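Each remark here refers to the structure printed beneath this line.
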There are 2 protein chains.
Amino acid sequence: MRLSRYFLPVLKETPADAQIASHRLMLRAGMIRQQSAGIYSWLPLGYKVLKKIENIVHEEQQRVGHIPLLMPTLQSADLWRESGRYDAYGDEMLRISDRHGRDMLYGPTNEEMITDIFRAHVGSYKDLPLTLYHIQWKFRDEVRPRFGVMRGREFLMKDGYNFDLTKEDAMHAYNRHLVSYLRTYERMGLQAIPMRADSGPIGGDDTHEFLVLADTGESEVFYDKGVTDIKLGARDIDPYNVDECRSVMEEFTSLYARTDETHDAAEFAKVPEDRQMTARGIEVGQIFYFGTKYSESMGAEVVGQDGKKTPVHMGSHGIGVSRLLGALIEANHDDKGIIWPEGVTPFHVGIVNLKQGDDEADAACEALYKSFQALGLDPLYDDRKERAGGKFATMDLIGLPWRITVGPRGLKNGVVEVTSRRSGESEEMTPEQAVEKVAKIYADL
Amino acid sequence: MRLSRYFLPVLKETPADAQIASHRLMLRAGMIRQQSAGIYSWLPLGYKVLKKIENIVHEEQQRVGHIPLLMPTLQSADLWRESGRYDAYGDEMLRISDRHGRDMLYGPTNEEMITDIFRAHVGSYKDLPLTLYHIQWKFRDEVRPRFGVMRGREFLMKDGYNFDLTKEDAMHAYNRHLVSYLRTYERMGLQAIPMRADSGPIGGDDTHEFLVLADTGESEVFYDKGVTDIKLGARDIDPYNVDECRSVMEEFTSLYARTDETHDAAEFAKVPEDRQMTARGIEVGQIFYFGTKYSESMGAEVVGQDGKKTPVHMGSHGIGVSRLLGALIEANHDDKGIIWPEGVTPFHVGIVNLKQGDDEADAACEALYKSFQALGLDPLYDDRKERAGGKFATMDLIGLPWRITVGPRGLKNGVVEVTSRRSGESEEMTPEQAVEKVAKIYADL
């Protein structure tokens, strides 16, 4: 993309009402615009990152065999009356009446609707196991929305639901979700630690939250220092292998790691003192096993091998897709702006022309631009007639991990400058070497 | 995808309340499920086609330089009070009150919000031209929703908005949209004819609708037979070239083609009698130029080269993304089911194993399945232990354009059968030739 043709409305002033770094930086970098309290437009740069995150979530869900569909945003109140949650849910549910006076709601989650789909179409144990998921906009009418997309009212979430014949099968689905979530976050360059959690209004027995450590997190967390050393890395885990998934689950959850909601001081005291850590965390996902709670109340049954009807065992599993942008920025920024991990950066590389209008500099930038595109990479070329200082400030603010600076002086020696946003370090090399270096970084991801 | 692991709830009976072919077939093929009047879940197969259509729309918008963003589904009523449309819009607007009693609405379109984004961030003629678009769920509270996704209440639409300094520039944007829309529909295997239209509640001067001819269309259309012979084909049109875009516009709109809303019998009589055609059509898109209607009422102005403020010239342009599934099926089906054009088919090819459990047949199917995947194609492998008749009926119903049938008898002679869903013709060849044949069809798209 050529910046002269893009829509990137960066702000020079710091917005007064934004309390945390991610909210401030998303506004300043022209990623979002607030349209009402807790409701945002995703401007082009923000939309691009949102899509990248959404794509990673889709890929990792499908890699483990989960099947995508899409449920609507508006739901009938009747479904929620069946489960008993219509009255129980409280003021966070946005209740709507249509022109015929029918009670509707803007879905805050989809247990009822997916159970309805299941009971309408599945009747035999032979169709199990089954895990369906979607990525759709949800609404929760928070009393006091704040922190930008971290606690908005209209938000994008991946929610998935497993249907299994037995508790044992459902626990495999639970473990498989844990594996897929770990890989999802790692691909984004995030460490999210599974912590034992409270089930809240969804109800359930087993549940873990995934927390990203950050000073601005809403939860206090307590953990054994050892948990931060465990990584999934490049391990190849077979999602259909029960033992493999269980052993990953055990590895990642055996050390102490809890939020303030489930913290147990006596248990924590057993952790060696030099490994007892307290910090703040941002919740970016949660997995639940809730058994037959919905299948019983809503009649989601299958005929088993013995010919008898039995309610299915279910779980639900969520990733806060729009919230992840906030979490990513909280965990990756400095005084100058955002520092995107390579896995989610909106553009792979920025090209800064120090002297727009200079034939040689223009030609060198065009050549770089086209070389990256030919390799399937997405460069952002700052081709505006602006001062170098302004161009650098914009690139630093929007946080592309790699910048190539092109100017007449360097070109006289046949070189351009390649700068890492994270380390701030620069290196001179030929344009060809610059393309090769950046391309290799993305090829190795 | 292996069918044994997929969720494809096909129906044997024909749903009683579905009046038109596309609605019937989408229900029967397990593509959608109605959740409330005019509100659907997109089951896995339907979701897959929806995504394909959405991707084509994205690609063709970005090919001509339009910039994607994403506005929220819920909007503040205040914005619509500024333009005067909050009261004017009537009962089709779903009005909502949040927990604090603030007036909101589920956006039926986005002229107000995009104008708000523009006026907040753009102030100079130097930032023009600019075209922003999004693909987002909309809601129109139809009195009597019907025809499945063709006239639903919650529907997915691409809406784009151009901002230009002069009427002349805005008309270029109008023509460029026409070009991009023509290519969008052609890539889906659809002929959509631009017809002069009424502007309706959006307001505007120049507007064309795009209509797909189909017996079940909601509009009566009148046209010169010659319009159906004009195709964009493989022409390479520069979206920044004003004359090129204008000449495409003129070519596609000079012959008579109108809906009943704008039909002019006297004009139509001038068309040679043997070329006067009457038919029915389904609207799948519309482009508008409406000048300064919103920019004046909402203060979207830029400072021109002369230093004076001037309201921008705007247009809005829509494609009915979810509705296109209905239109595609209306135009592509037979007694047995859907016949997907290659450009939008949910799976590229179906593999039918006539004798699941037979070592040789299973191995041949696995090899075909993996060969297609290695080529980046997406096969659906019917690996269920079902009778051949049932497998064929499912494949015909869901409409994959190509089917490969594998059975012990053919394998003895080293061949499988390749069948075209559209022509019904079958050909025997080696498995390697079958892969090559199907791969070539998609490579040539």
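First the proteins, then the strands, lettered A, B, ... as listed; each starts at 1. Only a predicted model underlies this, so the values are computations on that prediction, with no experimental measurement involved.
Using modelled atom types, no side-chain atom of A:N110 and backbone atom of A:M113 make a donor-acceptor pair closer than 3.5 Å.
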B:R99 vs A:D91, salt bridge (Lys or Arg N to Asp or Glu O under 4.0 Å): CA-CA, chis, key distance, verdict: CA-CA 7 Å; B:R99 70 189 293 171; A:D91 288 341; 3.7 Å; yes

Worked verdict on A:R2 versus A:D382 for salt bridge (Lys or Arg N to Asp or Glu O under 4.0 Å): CA-CA 6 Å; A:R2 292 164 204 277; A:D382 191 344; over 6 Å; no

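Using cut-offs of 30° and 60° for the angle between ring planes, the B:F139 and B:Y106 rings count as tilted. Ring pair B:Y89/B:W80 is perpendicular by interplanar angle, where above 60° counts as perpendicular and below 30° as parallel.
With hydrogens and angles left out, the side-chain atoms of A:T109 and A:R140 include no donor and acceptor closer than 3.5 Å. In summary, the side chains of B:Y133 and B:Q61 do not present any donor paired with an acceptor at a separation below 3.5 Å, with no hydrogens or angles considered. Side-chain polar atoms of A:Y294 and A:E111 form no donor-acceptor pair below 3.5 angstrom.
When heavy atoms are compared at a cutoff of 4.5 Å, B:H66 does not approach chain A at all. The part of A:I67 that comes within reach of chain B is its side chain, from C-beta onward, which places non-hydrogen atoms under 4.5 angstrom from that chain. For B:S76, the parts lying under 4.5 angstrom from a heavy atom of chain A are both the backbone and the side chain. In this structure, chain A has heavy atoms under 4.5 Å from both the backbone and the side chain of B:F7. In this structure, the portions of B:D116 lying under 4.5 Å from any heavy atom of chain A include both its backbone and its side chain. Proximity to chain B is absent for every atom of A:S4, based on heavy atoms less than 4.5 angstrom apart.
Residues A:I114 and A:M71 come closest through the heavy atom pair CD1-CE, 3.5 Å. Between A:A18 and A:L27, the shortest heavy-atom distance links the atoms CB-CD1, 4.1 Å. Minimum heavy-atom separation, B:H100 to A:V143: NE2-O, 3.1 Å.
Legend: residues meeting ring pair (Phe, Tyr, Trp, His ring centres under 6.0 Å) with B:H134, ordered by chain and number and at least two apart, are absent. A:E59 meets the side chain to side chain contact (heavy atoms under 4.5 Å, CB included) test with A:R187; sequence neighbours excluded.
Heavy-atom pairs under 4.5 Å with chain A peak, among B:Y240, B:Y40, B:Y6, at B:Y240. No other option in B:R102, B:M93, B:K48, B:Q75 has as many heavy-atom pairs under 4.5 Å with chain A as B:R102. No other option in B:Q62, B:M1, B:E142, B:R95 has as many heavy-atom pairs under 4.5 Å with chain A as B:E142. The candidate with the highest count of non-hydrogen atom pairs below 4.5 Å against chain B, out of A:I96, A:T73, A:L130, is A:T73. For the options A:L69, A:L50, A:L45, heavy-atom pairs under 4.5 Å to chain B are most numerous at A:L69. In terms of non-hydrogen atom pairs under 4.5 Å with chain B, the most contact-rich of A:L74, A:I39, A:L43, A:D98 is A:L74.
Interatomic distance, CD of A:Q136 versus CG of A:L70, reported as 4.5 Å (0.5 Å rounding). Here the straight-line distance linking atom CZ of A:R384 with atom CZ of A:R5 works out to 15.0 Å at 0.5 Å rounding.
For a heavy-atom cut-off of 4.5 Å, chain A lies close to B:I117, B:A120, B:H121, B:V122 in residues 117-128 of chain B. The interface of residues 149-160 of chain B with chain A, defined by heavy-atom distances below 4.5 Å, comprises B:R153, B:E154.
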